[in-house]
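In what follows, a structure is listed as structure tokens, so that the remarks can point back to it.
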Amino acid sequence: MGHVRNYTLGDVVARYKRARGFDVLHPMGWDAFGLPAENAARERGTHPAAWTRQNIEIMRGELQRMGLSLDWSREFATCDPSYYGLQQSLFLDFLKAGLVDRREAWVNWDPIDHTVLANEQVIDGRGWRSGALVEKKKLSQWFLRITDFAQELLDGLDSLDRWPSRVRQMQANWIGRSEGAELNFALTEPFANISSLPVYTTRPDTLFGMSFLAIAAEHGLAAALAETNPAIAAFIAECQRMGTSEVAVETAEKRGIDTGLRVKHPFIENATYPIWIANFVLMDYGTGAIFGCPSGDQRDLEFARAYDLSVIPVVLPAGETEADFKIGKRAHDGAGTMINSDFLNGLTPEEAKKRAIARLEKLDIGRGVVNWRLRDWGVSRQRYWGCPIPIIHCDDCGAVPVPVADLPVLLPDDVTFDRPGNPLDHHPTWKHVNCPNCGKSARRETDTFDTFVDSSWYFSRFCAPQAIQPIDRAATDRWLPVDQYIGGIEHAILHLLYSRFFTKALAKIGHLGVTEPFKGLFTQGIVTHESYKGEDGRWLYPDEVIRDDAGQPRHHTTGELVTILRPEKMSKSRRNTVDPGAIIGAYGADTARWFILSDNPPDRDMEWTESGVAGAYRFTQRLYRLVANIADRSKAVAAESNAALALRQTTHRTIAVVTEALESFSFNTAVARIYEFANALSEAEKSAEAAGMDHARFEAASALARLIAPMMPHLAEEMNALLDISAPLVVAQNWPEADPALVAVSSVIIAVQIMGKLRATITMPPDSAAEDVLRAAESEPNIQRLLEGKRIVKRIHVPNRIVNLVTAG
RNA sequence: GGCUCUGUGGCGGAACGGUAGACGCGGCGGACUCAAAAUCCGCUCUCUUCGGAGGUGCCAGUUCGAGUCUGGCCAGAGCUACCA
């Protein structure tokens, strides 16, 4: 149901903008590669391609029955060779432009499934599918150099003023720019050709509070030490077994092992500190080594307490004295004055930071650097159902790009899923090819791309889906950036960041002329539903549950009592799903669309309820009846009755407010205004004989048809044809225009307050002079009564809205 | 732990700092009907001595006036997480 909501919202915008005369590109495609297809293959023996095609057929049918105004001529799926082949050629362009690296990286390795797992696929240290304990393993992987664009990706966020600020905030946090210093700590004695250790820190100001240096278990020095020291080897092995899961991280104690090696302090002559291997130091942030200042960093403090290392306060908080200040259980990482810090004493941490960096640079042992939390994007996946990475590995020539003329590298159809691992790797012939360089026998890369690659440029392809080139520059110059992108908040970081990176990278190599893909972003909420449990605790489908005479929920055949649980995201495992096809079948697409739009603001989660759908359905029937009674007698009359004029004013005011609501994505309030309009039109039936009412009702109904058209396109056409069979289709008509003369009001109701409390209302001509309004307010009977014996000391008048009388005595 | 967001009737939710609760759902009452369904009409925040009084998570503040702005709490949600 989530996708139905998503595309309904988009369709309203598309239809509305089209009626306003815009040229709208509203395409549809399929993000078709990925794990679900492979899992289905393993579980049910269907081929991933067949399974995918079948799913696309089903979903396309649903979308078409929803009446989405999509341009199906632009449809494609990412698993089409005509799409992924072009993606391969883009990759080769990236490679040529130096945007691709191949390097060793630590990965989560599932020893049963023989595959790399993403972090989110590791649950409590075990593979989400196999349940095997996940190992950290070093593998050669392909990386896209997204970090080259870190600054641009951060800066670009400022220009995205039509994005939700929280998404921008999330991306900024993810990119994680920090400023600090990188410095080298010299070892007192070199070990295994290592004479110094580089360390990144954001707090060079606290260097005088140092009490140890710690390196990650995966650090090169640790590996070298492990060769001759079994205790260290055991400790490293233990760290690698430790999961990366939340629980593991949260409950893990700070642990370490002293290497026996020591480093010199950069500033203090003859001072040396131990090097520890610690479980809380991350290899892939900074340099994989830290200096520990326990007084200023909570983690360092916990580590120091565990191993009885010294704690030297270096920042004195305001209001404390140097003699009394002690570090207890909490490190002090806030503001204050530097102490125990030689040439930094008396400075603020900010100033001290600058001074320390200057000294490091002068001594030529360090420098100020900017560091990023963002990592390069590993795109290798040991999977079949994805886009093959177009590389051939040759023993002599190394990794050789597949020549462009040989693209696409097609996935073989004849694969088996009868054993763990990557079917491409098991295939008897596929990977054996000759090196394009030297002609000797070589091997294809058997990894495929992360599917986020597929979805990082599809919007460019939609602009010219038949083009020979992957991206048609003229077409993208015309259409991009996307004016309005609609998606779930779950894409706030990954998909949206990767797409932004791709756009900047493609711009750099000339494929695109824009540097941001999506000008406007709207994040819609998820669709939820109650879920139901039978007496034995099994999940029940919504249509298995009925209400008995007493209103108790019961199973429809067994009669057992059913427990209702609070609404949650629809999921197959909880069985709290509703089938869009069944809803459309029972009520029609317009009812589904109307309910989706009316329930609540589209950026919030919506609860799918049967009564809500039924209410929407009733309204569709009511609209039809309302219009069926109105014939095309559209001539205006010279002398219009008050009733007719009032209806016409309502019509034009409704046009104005609905237009405004649609512009601001307030679909639920647009719906409310249309309900009010329909109520007014019903009311007008009572004075059907009044002069000019035929025309007024016809005008109203005609406007109503066009106003609901973006939301209920089918009913809109029915109503339009009922009113005037010879009229052009609503989709061919313009958006209704509000007549300013009819929108204007002839009187306003002004609230009269005394001391800010509402005491009366008065009716006045709009824009009346202040003195007239105040005179009328003060002579209103109820106000006069309340003012008795009081003196007015101040009169507030807000034109057309309110009068507030401030009294004394 | 960090960042962000959200707290308004029985429910979903309206409300440029200016009449809190629009509109819908649900509920109650009535009309129509032999009856029901459908439909139509009315009522639906609380208290009230019928003058009013109180009310938007809690406590302060700014203002003639605060659901809206500021500060501090409380609760819930999302993201992120040993990022040095």
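By convention in this document, chain letters (A, B, ...) are assigned in the order of the sequence lines, proteins followed by strands, and residues within each chain are numbered from 1.
- With respect to A/E683 and A/K686, a salt bridge is recorded, a charged nitrogen being found less than 4.0 Å from a carboxylate O.
- Nucleic acid contact class of A/R373 (heavy atoms, under 4.0 Å, all strands): base.
- If you check every strand for non-hydrogen atoms under 4.0 Å, A/R795 touches nothing.
- At the heavy-atom level, A/S178 lies under 4.0 Å from the strands shown only through sugar-phosphate atoms.
- Rounded to whole Å, atom P of B/rG2 lies 19 Å from atom CH2 of A/W174.
- Toward the 5' end of RNA chain B, the nearer of the two residues A/R625 and A/A751, judged by each one's closest nucleotide, is A/A751.
- The pair A/R203-A/D297 fails the salt-bridge criterion, with no side-chain N (NZ, NE, NH1 or NH2) lying under 4.0 Å from an Asp/Glu carboxylate O.
- Look at B/rG55: it lacks any Watson-Crick or wobble partner with both distances under 3.5 angstrom.
- Distances shown here put a side-chain N or O of A/N679 below 4.0 Å from the OP1 or OP2 atom of B/rG24.
- Pairing of B/rA60, defined by two Watson-Crick or G-U wobble distances under 3.5 Å, is identified with B/rU70.
- Using a 30° and 60° split on the angle between ring planes, A/H495 and A/F452 fall in the parallel class, below 30°.
- Within 3.5 Å, a donor on the side chain of A/R375 pairs with an acceptor on the base of B/rC83, or the reverse.
- Under the 6.0 Å cut-off for aromatic ring centres, A/F208 and A/H265 qualify, their centroids lying closer than that.
- At whole-Å resolution of the value, CG in A/N668 and C1' in B/rC23 are 9 Å apart.
- Taking atom CD1 of residue A/I749 and atom P of nucleotide B/rA15, one finds them 19 Å apart after rounding to whole Å.
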Treating primed atoms plus P, OP1 and OP2 as sugar-phosphate and everything else as base, which nucleotides of nucleotides 45-57 of chain B get B, S or - for protein heavy atoms under 4.0 Å?
------SSSS---
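- In this structure B/rG21 sits in the anti conformation; its chi angle is more than 90° from 0.
- Under the 4.0 Å criterion applied to side-chain N and carboxylate O atoms, A/E676 and A/R673 are assigned as salt-bridge partners.
- B/rG65 is unpaired under the Watson-Crick or G-U wobble criterion, no partner having all donor-acceptor distances under 3.5 Å.
- A/V806 comes within contact range of the sugar-phosphate backbone alone, with a heavy-atom separation under 4.0 Å but no base atom that close.
- Using the Watson-Crick or G-U wobble rule with both distances under 3.5 Å, B/rA77 pairs with B/rU4.
- Put simply, A/Y675 has no side-chain N or O that comes within less than 4.0 Å of OP1 or OP2 on B/rA22.
- Between the CG atom of A/N800 and the P atom of B/rU19 there is a distance of 13 Å, rounded to whole Å.
- Across B/rC28 and B/rU46, the matching P atoms stand 16 Å from one another, rounded to whole Å.
- Looking at A/R203, its side chain has no donor and acceptor atom pair within 3.5 Å of the base of B/rA84.
- One interatomic measurement links the two molecules: CG of A/D605 to P of B/rG7, which rounds to 14 Å at whole-angstrom precision.
- Evaluation of atom-type donor-acceptor distances gives no pair under 3.5 Å for the side chain of A/R618 against the base of B/rA38.
- Mapping A/G615 and A/V803 onto RNA chain B by nearest heavy atom places A/V803 closer to the 5' end of the strand.
- In this entry the distance linking CE of A/M606 with P of B/rG24 reads 17 Å, nearest Å.
- Going from atom CD of A/E179 over to atom C1' of B/rC83 covers 15 Å, rounded to whole Å.
- With both ends at atom P, the span from B/rC16 to B/rG21 equals 13 Å, rounded to whole Å.
- Between A/W608 and A/F595, the ring center distance clears the sub-6.0 Å criterion.
- A/W276 pairs by the ring pair (Phe, Tyr, Trp, His ring centres under 6.0 Å) definition with A/F303, A/Y307, not counting sequence neighbours.
- Look at A/E179 and A/R177 and you find a salt bridge, because one of the NZ, NE, NH1 or NH2 atoms lies within 4.0 Å of a carboxylate O, short of that distance.
- In this structure, A/N600 reaches the B/rG13 phosphate: one of its side-chain N or O atoms is under 4.0 Å from OP1 or OP2.
- Under 4.0 Å is where a charged nitrogen must lie from a carboxylate oxygen, and between A/E780 and A/R759 no such pair does.
- Residue A/Q621 is out of contact with every strand shown, counting any heavy-atom pair closer than 4.0 Å.
- Looking at heavy-atom distances under 4.0 Å, A/S611 makes contact with sugar-phosphate atoms alone, never a base.
- For B/rC16, there is no paired nucleotide, since no Watson-Crick or G-U wobble pair has both relevant distances below 3.5 Å.
- Under a 4.0 Å N-O distance rule, the pair A/R255/A/E238 qualifies as a salt bridge.
- Look at B/rG9: its glycosidic torsion is within 90° of 0, and that puts it in the syn range.
- Between A/H332 atom NE2 and B/rA84 atom C1' the separation is 17 Å, expressed in whole Å.
- When heavy atoms are screened at a 4.0 angstrom cut-off, A/V752 is found touching no nucleic acid atom at all.
- Of all nucleotides present, only B/rC28 satisfies the Watson-Crick or G-U wobble test against B/rG42, with each distance under 3.5 Å.
- Close to B/rC40, at under 4.0 Å from its OP1 or OP2, lies a side-chain N or O of A/R622.
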